[in-house]
Amino acid sequence: MSFSDILASIDKNAITTRCNNTTIDDVKVVLKKERVEIADLPVLLSLAAEECLEELAQKSLTLTRRHFGNVVSLFTPFYISNYCENRCVYCSFASQRSIIRKQLTFDQIHREATVISDSGIRHILVLTGESPKKTDFSYIHESLTIIRNYFPAVAIEMYPLAEKEYGALINSALIDSLTIYQETYNKDRYESLHQRGPKANFAYRLDTPDRACRSQIRSITIGALLGLDDFRHEAMSVALHAQYIQKMYPSVELSLSFPRLCPQEGDFTPEHIVSDQQLVQLVTAFRLLFPSCGITMSTRESQSFRTGIMPLGVTKISAGVSTAVGGHSTDPSTTQFEIADHRSVKEMQTDLLSQGFQPVMHDWSQRMSVI
Ligand code: SF4
């Protein structure tokens, strides 16, 4: 069964009903379970579970320490282009916006990589907008060939590629990880938010993790952009997608991320605001469901929120972040979104150490050529 078949079978009304009818006793029963199941997720995300958040957090903390110790992996995003043919209403890079467009030359990529590398970061997330005309596969391949010389762990968050393109990047050891958000798993909502451009193809994006996994990607991060639809429905879709990937591709390391919509260029206001408390509920519920999955917390969240949630399930965190193209080394372009945590890599390391964590600069190393 493909994941799109599984997604189509989700009964959203049943999730809502289960959430609404859950009692505190139901939550306590789930919290006592040795192994939490996906069917338990609506219970953990219910209003009643908000009353049990302390117990949920304690259980999540224990599981996180059991599976990850005190280790937290640091990474930073590396934007190489903000040209985009899509019109995502929630993004500053959308094609209809009059922003400063920029695409790094290969010399500029060397410079940006040098500055980021000098900060101590060894794990990089390379991003572009979706413009196969400007940032075609050969540009991506060449950019990653340069970047790979500076960083032993390279993840990409780019427009969905064809299976053979993922294969080419993975077989050349240019990337080891992929981050791909479905944005929203609600197909109708997705189609209304992405009416034009290549991103309008819901099914192609949904199948992206499969294409990368079939190409033997080492690790993959999935999630939904919180704010676009009911977070409980999105959570169930993410959980089923995660379970599907684990069953289909057991050798692939799976991570999860829960980005919340931030202020950006334009006038989009999320209809489905997720509160801080709900985000904590979400992260801790997923830790119970997926004890050994990495969980990333982005700089969309404030320093105080990230500090508070760190012990409760988070295993990867960005630092020294700029969401502008060439933001570390050149006159930066427009940012993709406003970040809320501006700590440098050094500051993040210091703060993590003071919280009792062991910050590591990468979670994976490939042999690097000497440049
Ligand atoms: S979210 Fe991605 S695809 Fe959509 S406008 Fe922004 S950069 Fe382009």
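Count residues from 1 along the sequence.
Looking at heavy atoms from C-beta onward, Q281 lies in side-chain contact with L56 at the 4.5 angstrom threshold. L289 places a side-chain heavy atom less than 4.5 Å from the side chain of L41. Counting heavy atoms from C-beta on, the side chains of R232 and H272 never come closer than 4.5 Å. In this structure, I317 and M310 have side chains that are in contact, with non-hydrogen atoms separated by less than 4.5 Å. The closest side-chain heavy-atom distance from L312 to R287 is not below 4.5 Å.
Residues satisfying the side chain to side chain donor-acceptor pair (under 3.5 Å) test with Q278, not counting sequence neighbours, are S275. Take E54 and apply the salt bridge (Lys or Arg N to Asp or Glu O under 4.0 Å) test, not counting sequence neighbours, and it matches no residue. Residues passing the ring-ring contact (aromatic ring centres under 6.0 Å, His included) test with Y204: none are found, sequence neighbours excluded. Under the ring-ring contact (aromatic ring centres under 6.0 Å, His included) criterion, Y185 pairs with H241, sequence neighbours left out.
Side-chain atoms of D40 do not come within 3.5 Å of backbone N or O of V36 as any donor-acceptor pair. Formation of a donor-acceptor pair under 3.5 Å by the R205 side chain with backbone atoms of Y181 is found in this model. Remark: side-chain polar atoms of N82 are paired, donor with acceptor, to backbone N or O of K102 under 3.5 angstrom. Although no hydrogens or angles enter the test, the distance criterion places a donor-acceptor pair under 3.5 Å between the side chain of T62 and the main chain of Q58. Side chain of T334 to main chain of I100: a donor-acceptor pair is present (N/O by atom type, distance under 3.5 Å, no hydrogens or angles). Put simply, the side chain of E234 never gets that close to the backbone of A224: no donor and acceptor are under 3.5 Å apart. A donor-acceptor pair is defined here as one N or O able to donate and one able to accept, closer than 3.5 Å; such a pair exists between the side chain of R148 and the backbone of A173. Side-chain atoms of T323 come within 3.5 Å of backbone atoms of Q336 as a donor-acceptor pair (strictly under, hydrogens ignored). Although no hydrogens or angles enter the test, the distance criterion places a donor-acceptor pair under 3.5 Å between the side chain of S46 and the main chain of V43. Between the D176 side chain and the V154 main chain, a donor and an acceptor come within less than 3.5 Å of each other.
A distance of 6.0 Å or more separates the ring centres of F337 and Y90. Taking the six-membered ring wherever Trp is involved, the centroid distance between the rings of Y79 and H328 does not fall below 6.0 Å.
Below 30°, between 30° and 60°, or above 60°: for F106 and Y139 the angle between ring planes is below 30°, a parallel geometry.
With values rounded to the nearest 0.5 angstrom, T64 atom OG1 is found 6.5 Å from I295 atom CD1. Interatomic distance, CD of Q195 versus NZ of K199, reported as 14.0 Å (0.5 Å rounding). With rounding to the nearest 0.5 angstrom, the OG1 atom of T299 is 4.5 Å from the CD1 atom of I339. Rounded to the nearest 0.5 angstrom, S344 OG and I121 CD1 are separated by 10.0 Å. For the atom pair CD1 of I116 and CZ of R122, the computed distance is 11.0 Å after rounding to the nearest 0.5 Å.
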Would you mind writing out the side-chain donor-acceptor pairs for residues 125-133 within the sub-3.5 Å range, not counting sequence neighbours?
| from | atom 1 | to | atom 2 | distance (Å) |
| --- | --- | --- | --- | --- |
| E130 | OE1 | N86 | ND2 | 2.8 |
| S131 | OG | E85 | OE2 | 3.4 |
| S131 | OG | K134 | N | 3.3 |

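Between T135 and Q103, the side chains place no donor N or O within less than 3.5 Å of an acceptor N or O (distance only, hydrogens not considered). A side-chain donor from one of H233 and T16 sits under 3.5 Å from a side-chain acceptor of the other. No side-chain donor-acceptor contact under 3.5 Å links S354 and D351. In the model, S138 has a side-chain atom that pairs as donor or acceptor with a side-chain atom of D136 under 3.5 Å. For the residue pair N20/T17, the side-chain donor-acceptor check at 3.5 Å is not satisfied.
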Task: Residue pair T284, K59: steps toward the side-chain hydrogen bond (donor to acceptor under 3.5 Å, both in side chains) verdict - done: CA-CA 8 Å; T284 51; K59 190 155 181 174; over 6 Å; no
Task: CA sep, side-chain torsions, deciding dist, call: F286, F258, ring pair (Phe, Tyr, Trp, His ring centres under 6.0 Å) - done: CA-CA 10 Å; F286 270 81; F258 304 97; 5.0 Å; yes
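When the options Q358, R65, Q355 are evaluated for a side chain to side chain donor-acceptor pair (under 3.5 Å) with N70, the one that passes is R65.
Sorted by first then second residue, the side-chain hydrogen bond (donor to acceptor under 3.5 Å, both in side chains) pairs that include residues 206-215, not counting sequence neighbours, are E163-R214, T208-R211, D210-Y244, D210-Y249.
Geometric assessment of R260 against the ring of F305 yields a positive cation-pi assignment under the 6.0 Å and 45° thresholds.
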